[in-house]
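So the structure is just underneath, and the comments pick up after that.
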Amino acid sequence: MIDLTTQIGLKLQLKNPVLTASGTFGYGDELADLIDLNRFGGIVTKSLTLHPRAGNPSPRITETTAGMINSIGLANIGVDAFIEQKSELLSHLPGKVIVNIAGRTEDEYADTLKKLESQEWIAGYEMNVSCPNVREGGIEFGAKPEILNHIVGRIRDLTNRFLMIKLSPNVTDIRVLAEVCQKRSADAVSMINTVYGAAIDIKTRKPLVNTVIGGLSGPAIKPIAVANIYKTHRAVDIPIVGIGGISCGADVVEFLLAGASAVELGTVNFFNLNAVAEILEFLEEYCVAQGIGVVTELVGKVKV
Amino acid sequence: MIDLTTQIGLKLQLKNPVLTASGTFGYGDELADLIDLNRFGGIVTKSLTLHPRAGNPSPRITETTAGMINSIGLANIGVDAFIEQKSELLSHLPGKVIVNIAGRTEDEYADTLKKLESQEWIAGYEMNVSCPNVREGGIEFGAKPEILNHIVGRIRDLTNRFLMIKLSPNVTDIRVLAEVCQKRSADAVSMINTVYGAAIDIKTRKPLVNTVIGGLSGPAIKPIAVANIYKTHRAVDIPIVGIGGISCGADVVEFLLAGASAVELGTVNFFNLNAVAEILEFLEEYCVAQGIGVVTELVGKVKV
Amino acid sequence: MRHLTETIILENNAVAKNIFRMTLKCPEISRSAQPGQFVNIYFSDQIHIFPRPFSIAGATDEILNLIYRVVGVQTSQMAGWKIGQTVKILGPLGNQFTVDASVDNHVLIGGGVGVAPLIFLADKILQGGIEPQFFLGVKNRDEMPDGKFFRQLQDFHASSDDGSIGFHGTVVDNFLSHLPGIKKSVAIYACGPEKMNAALAQLAGERRYDCQISFERLMACGLGLCQGCTVKKNSTDAEAGYLLVCKDGPVFHSDRVMFND
Amino acid sequence: MRHLTETIILENNAVAKNIFRMTLKCPEISRSAQPGQFVNIYFSDQIHIFPRPFSIAGATDEILNLIYRVVGVQTSQMAGWKIGQTVKILGPLGNQFTVDASVDNHVLIGGGVGVAPLIFLADKILQGGIEPQFFLGVKNRDEMPDGKFFRQLQDFHASSDDGSIGFHGTVVDNFLSHLPGIKKSVAIYACGPEKMNAALAQLAGERRYDCQISFERLMACGLGLCQGCTVKKNSTDAEAGYLLVCKDGPVFHSDRVMFND
Ligand SMILES: Cc1cc2nc3c(=O)[nH]c(=O)nc-3n(C[C@H](O)[C@H](O)[C@H](O)COP(=O)(O)OP(=O)(O)OC[C@H]3O[C@@H](n4cnc5c(N)ncnc54)[C@H](O)[C@@H]3O)c2cc1C
Ligand SMILES: Cc1cc2nc3c(=O)[nH]c(=O)nc-3n(C[C@H](O)[C@H](O)[C@H](O)COP(=O)(O)OP(=O)(O)OC[C@H]3O[C@@H](n4cnc5c(N)ncnc54)[C@H](O)[C@@H]3O)c2cc1C
Ligand SMILES: Cc1cc2nc3c(=O)[nH]c(=O)nc-3n(C[C@H](O)[C@H](O)[C@H](O)COP(=O)(O)O)c2cc1C
Ligand SMILES: Cc1cc2nc3c(=O)[nH]c(=O)nc-3n(C[C@H](O)[C@H](O)[C@H](O)COP(=O)(O)O)c2cc1C
Ligand code: FES
Ligand code: FES
């Protein structure tokens with residue numbers, strides 16, 4: 001038996017390094033009848049905001065070569081409804097639940113977090129400062145070091161729980177932003193959020209997502225994720241949770257070798273509901289074949 | 001008959017909007033026996049530097065999902081050998097020849113350009129300030145507005161020919177850099193160069209390109225190119241030459257609608273030598289079907 | 001109860017020009033399937049990553065029928081699938097048509113391949129001892145599915161845009177032309193192109209018919225995970241919000257949603 | 001003259017475990033092909049975009065032979081291709097082995113599927129009235145191609161890593177064991193795994209044999225466009241530069257290049 005236990009910083013221990021990615025798994029309750037949620041090391045919820053958000057008009061998604069573009073616009077039920085409706089199921093999962101928060105203003109992030117602090121079952125937070133398809137908030141908090149510095153500091157002061165900042169690849173140097181998170185005592189960074197992408201229907205000449213530019217995800221962006229993780233792993237000491245284009249166990253190993261301590265599964269949830277089971281099986285086999293007893297031994301072990 | 005003539009700024013007229021992308025078509029002479037070079041509106045050469053460059057060690061390329069990563073490191077024969085060996089063939093092409101230049105220092109760009117100025121058959125230059133896989137030079141000139149401002153100004157003063165600056169998508173806001181090019185009287189910008197990407201062999205744990213991080217190209221990055229072109233087209237008045245992931249005629253139309261005045265074919269040259277012929281045929285058919293007589297009517301005509 | 005299973009193809013034949021019927025052996029899904037619900041078909045294809053949704057066109061004990069039109073990459077692939085091959089499918093997904101037995105006239109209105117869920121619904125209504133009225137509009141004769149699908153229907157009315165089969169005109173016009181003969185209460189069940197749906201919704205609004213429409217949207221997941229398949233709620237409130245076609249639908253009462261949002 | 005053409009498969013059979021021979025009708029390429037040259041096979045696949053290079057294992061008038069091992073996605077696909085199917089190929093590409101008739105002993109040394117170009121070369125040498133010496137090493141008996149390929153060779157020596165067929169040991173050891181019997185001048189023509197190539201290069205260096213080795217590199221274009229398929233020039237100069245396997249090679253004299261760069 002391979003030990004898949006994964007420690008992310010001091011505050012978060014997972015039974016395995018595979019989490020769900022925000023916005024691709026609902027609030028974690030959507031598939032309870034179809035797949036065994038307990039397989040996941042943890043569930044990351046859809047981004048929550050202080051008030052419910054309707055999100056963007058149609059069309060919100062389009063398929064691209066080996067990927068998709070989305071422009072959901074952070075549609076969500078709001079933090080109150082989340083606590084009211086989802087606590088029951090989520091608090092009983094053996095895996096950890098990470099709540100992803102977003103907001104239009106710093107205050108909104110703070111107020112959302114304060115409400116969540118009342119819920120003991122929440123293992124930690126992922127702060128989305130990198131959503132590419134909302135007018136206000138979204139990536140504007142995550143692209144400028146000064147702004148990021150301020151908001152992370154403020155949120156850090158409000159909670160002792162695990163706090164992870166989700167970064168965007170749509171910047172000149174993601175390391176600078178990861179360093180800010182480290183300096184402000186974030187427990188981890190997660191990366192990457194979606195990449196700016198657009199597609200146009202040549203028959204109608206209309207953009208295929210309502211905001212023209214949306215977020216590209218799926219297998220197509222995997223090399224971009226690996227590059228960002230590798231770079232950041234050499235620049236900061238806090239752990240990295242890797243996201244972007246993972247579709248199988250080999251991809252997860254690649255992310256760990258590049259420097260991720262754990263991973264999140266996003267778009268793959270749409271096209272392969274068995275992904276988590278297949279990935280865990282592959283991890284076991286790979287570790288056995290490579291003579292490794294503890295999966296964390298792989299982290300950052302690319303040979304350069 | 002559809003009119004495919006394309007004017008890029010004041011100084012460059014092409015018989016059609018399809019060029020080759022630098023580094024994916026040799027110096028233009030490699031395929032003279034296999035495909036009719038005259039089909040292209042123009043040929044953009046491999047990046048030339050003042051002195052020959054050996055380039056990076058193996059491995060230099062790897063295949064990724066719907067794309068590839070390269071880390072060639074600007075291997076090239078140098079500007080003198082280029083003039084000596086390639087003038088004969090290239091000066092006789094009916095399509096225009098754009099020479100792509102690169103360098104480690106501003107002086108190197110300038111000196112390379114000065115040598116090329118002696119060659120009357122050269123229609124213009126593409127300045128590569130966005131190569132992701134060289135230590136010095138490369139993207140460092142293209143990521144910071146101040147630095148770009150200086151080098152474009154300097155090169156602009158050295159030539160009256162068509163001058164186009166090739167920009168990187170690996171920046172927080174490509175528009176800022178395009179605006180600099182416009183201010184410095186560049187005739188056009190071309191985008192995108194490759195996207196930072198990495199891949200690791202999970203068996204050997206070695207990176208699949210020598211520099212670990214290389215440049216991602218091919219169909220996978222097409223939505224990233226379209227997003228950058230769309231954004232930039234709304235921000236500047238100088239024309240944009242679109243590059244990134246084009247594999248067929250429909251892709252070219254998508255680029256034109258997003259705001260590109262012409263396009264360059266890159267990675268597709270590796271897997272479909274008939275691409276240019278197929279694209280020109282598609283453009284004709286599309287224009288006929290849409291009742292358009294002049295291809296330039298499509299530029300920027302996405303309906304938002 | 002939803003199931004993700006590997007099913008076996010029992011039949012896969014053209015039933016009209018570019019329209020195929022696929023019969024699958026899949027008891028897990030067929031036994032609980034209801035008219036209006038759909039299934040996801042999964043492909044082993046990393047280029048086109050979304051599963052494709054198809055309405056259930058019939059479910060009898062172990063067997064599930066789909067009727068699909070070849071429109072793009074995956075449906076072209078499907079048309080080439082052979083008997084005995086396995087297919088990965090998930091279902092039944094989404095909500096269903098609800099039939100109020102106290103209504104006098106049950107009118108099923110289909111446009112093109114929108115006929116699929118209505119064939120299943122007609123079966124169910126017939127089983128309940130009620131004779132539905134069925135209007136089907138197609139572009140032309142070539143696109144009219146094999147008559148055997150409608151054999152049990154007493155009250156079947158075809159139309160075509162070019163008049164090559166049945167009534168010459170849209171399916172809505174055909175329905176309108178029959179309206180004078182239709183007495184008492186009417187419930188409409190429809191599935192077809194957006195334009196047809198919008199026209200029916202307006203008609204139903206004016207005449208206060210109960211009208212249920214099955215929607216289509218591009219879907220990434222079909223499961224309520226991605227929030228991609230929205231239809232706008234009908235409301236004067238600009239911030240009204242959206243419903244998900246895959247989860248809240250695909251069947252909506254026409255007065256609850258907006259058309260051409 | 002290089003040609004890009006659609007060819008037709010005449011045969012495509014297993015000749016050993018996981019090793020297949022494909023016979024293509026393609027006069028444009030076969031008529032000018034020389035031993036050492038290769039062809040690109042193109043796939044209609046947007047996921048794995050590179051064409052795949054294969055040595056020409058034989059060319060007679062209209063017919064081209066390839067011998068390939070199934071190692072990954074595209075070769076697995078190829079193994080399933082049927083007679084009569086068309087294949088898009090480009091060739092002949094690259095340089096060739098050069099045979100100096102004044103040399104006394106022509107020694108062909110192949111490792112595994114590296115046998116492919118050497119079979120073609122052996123044909124040519126035989127045609128020139130010279131009897132080559134042929135050493136072929138495989139992992140085990142299962143991977144030894146059908147004996148018919150070597151029937152015309154008088155001087156054929158098999159070896160296997162596990163001793164299940166022929167000499168027990170590497171192909172280089174097998175060659176070494178024959179060296180005492182080999183008199184006068186020697187020219188080596190080799191194709192196999194990097195390790196074998198490196199060992200031969202060293203041997204050839206020590207004994208001053210002329211040694212030509214066919215290289216493999218991952219290729220994006222096969223045409224000298226991408227500069228991806230480099231092998232380092234053998235030089236004390238650190239900045240020595242690279243050669244392209246697809247254009248300057250695939251055949252290099254062993255003293256001109258570095259191994260394990
Ligand atoms: C709930 C639901 C039930 C459906 N039931 C049926 C059915 O019973 N029979 C049937 O033939 N079709 C049905 N469809 C539509 C079917 O899903 C699409 O035709 C199919 O996904 C197209 O796949 P493709 O790869 O062949 O086409 P693509 O190559 O992906 O696209 C071809 C064209 O079809 C459009 N398209 C693609 N996917 C969808 C989609 N999900 N909804 C609407 N348009 C789409 C594209 O925009 C494009 O214009 C249903 C759709 C939904 C949402
Ligand atoms: C000039 C030349 C001639 C060749 N001749 C033959 C031949 O006659 N018979 C034969 O069986 N093979 C030959 N090869 C190797 C052949 O090209 C690869 O085995 C093939 O491309 C693998 O494709 P795949 O999609 O099945 O494997 P993939 O799924 O792409 O990869 C499987 C494994 O093969 C390796 N590989 C992939 N492509 C190459 C490559 N171009 N060179 C080396 N390793 C590669 C990968 O790194 C990976 O480890 C030749 C290669 C070159 C460069
Ligand atoms: C439909 C969709 C919705 C998403 N919503 C969110 C979100 O609400 N919050 C967030 O932080 N990331 C969101 N993301 C980004 C993903 O969590 C993930 O970072 C990204 O998709 C890259 O991973 P992938 O390629 O595995 O999907 C969303 C992605 C998709 C595809
Ligand atoms: C192998 C390779 C070599 C390249 N070399 C250069 C180069 O020398 N100079 C340059 O400006 N761009 C270079 N590029 C970038 C391409 O010109 C192009 O911008 C990029 O590949 C995106 O387009 P594509 O997806 O169509 O390939 C290179 C790309 C590849 C794949
Ligand atoms: S298709 Fe994903 S929520 Fe409906
Ligand atoms: S494979 Fe492209 S240069 Fe050799």
Side-chain angles (χ1 to χ4, degrees), chain A residues 62 64-69 132 139 143-144 168-173 195-208 211-214 216 218-231 245 247 249-258 286 289-290 298 301-304, chain B residues 62 64-69 132 139 143-144 168-173 195-208 211-214 216 218-231 245 247 249-258 286 289-290 298 301-304:
Chain A
T62 192
T64 62
T65 303
M68 65 178 286
I69 302 172
I139 194 182
K144 296 223 175 100
S168 169
N170 303 302
V171 295
T172 305
D173 194 346
V195 182
Y196 284 133
I200 299 165
D201 184 327
I202 67 163
K203 287 211 191 89
T204 63
R205 301 195 196 172
K206 287 195 190 145
L208 284 158
T211 45
V212 189
I213 295 175
L216 181 66
I221 68 164
K222 194 186 70 170
I224 304 176
V226 175
N228 278 288
I229 292 163
Y230 171 77
K231 241 190 329 198
S247 74
D251 294 346
V252 172
V253 172
E254 196 180 351
F255 274 56
L256 298 180
L257 292 172
Y286 177 85
Q290 298 262 325
L298 294 170
K301 291 295 165 51
V302 57
K303 287 188 191 151
V304 238
Chain B
T62 191
T64 63
T65 303
M68 66 178 285
I69 302 172
I139 193 180
K144 297 224 175 98
S168 169
N170 303 303
V171 295
T172 305
D173 194 344
V195 182
Y196 284 133
I200 299 165
D201 183 326
I202 68 164
K203 286 208 193 92
T204 62
R205 300 195 196 170
K206 288 196 189 143
L208 285 158
T211 45
V212 190
I213 296 175
L216 181 66
I221 68 164
K222 193 185 71 170
I224 304 176
V226 175
N228 278 289
I229 293 163
Y230 172 77
K231 242 191 326 199
S247 74
D251 294 346
V252 173
V253 173
E254 196 180 350
F255 274 56
L256 299 180
L257 292 172
Y286 178 85
Q290 298 260 326
L298 293 170
K301 291 295 165 50
V302 56
K303 288 188 190 151
V304 240

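Naming: A, B, ... by sequence-line order, numbering from 1 per chain. A quick note: this is a predicted structure, and the numbers were derived from the prediction, not measured. Scope of the values below: all heavy atoms of this structure, side chains included, with no hydrogens, waters or symmetry mates.
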Distance in Å, A:Y196 OH paired with B:T172 OG1, rounded so as to fall on 0.5 Å steps: 8.5 Å

Toward chain B, the part of A:F255 with a non-hydrogen atom under 4.5 Å: neither

Atom group of A:T204 that falls short of 4.5 Å from chain B, counting heavy atoms: backbone

Which portion of A:I69 sits near chain B, non-hydrogen atoms under 4.5 angstrom: side chain

Taking every non-hydrogen atom, the tightest pair across B:I202 and A:Q290: O-NE2, 3.9 Å

A:V212 versus chain B, the contacting section by heavy-atom distance below 4.5 Å: side chain

From A:N170 atom CG to B:N170 atom CG, the distance as rounded to the nearest 0.5 Å: 10.0 Å

Check: B:T65 side chain, A:A220 main-chain N or O, donor-acceptor pair, under 3.5 Å: no

Most contacts with chain B, counted as non-hydrogen pairs under 4.5 angstrom, among A:A199, A:P207, A:P223: A:P223

Partner chain B: residue of A:G197, A:G245, A:G67, A:P169 with the largest heavy-atom pair count (under 4.5 Å): A:G197

Working for side chain to side chain contact (heavy atoms under 4.5 Å, CB included), residues B:K303 and A:I200: CA-CA 9 Å; B:K303 288 188 190 151; A:I200 299 165; over 6 Å; no

Side chains of A:V195 and B:V195 in contact at under 4.5 Å (non-hydrogen atoms): no

Choice from B:V226, B:I221, B:T62 maximising heavy atom contacts with chain A below 4.5 Å: B:V226

Rounded distance (nearest 0.5 Å) linking atom NZ of A:K222 with atom CG of B:L216: 11.0 Å

Chain B contact via A:I229 - side chain, backbone, both or neither, heavy atoms under 4.5 Å: neither

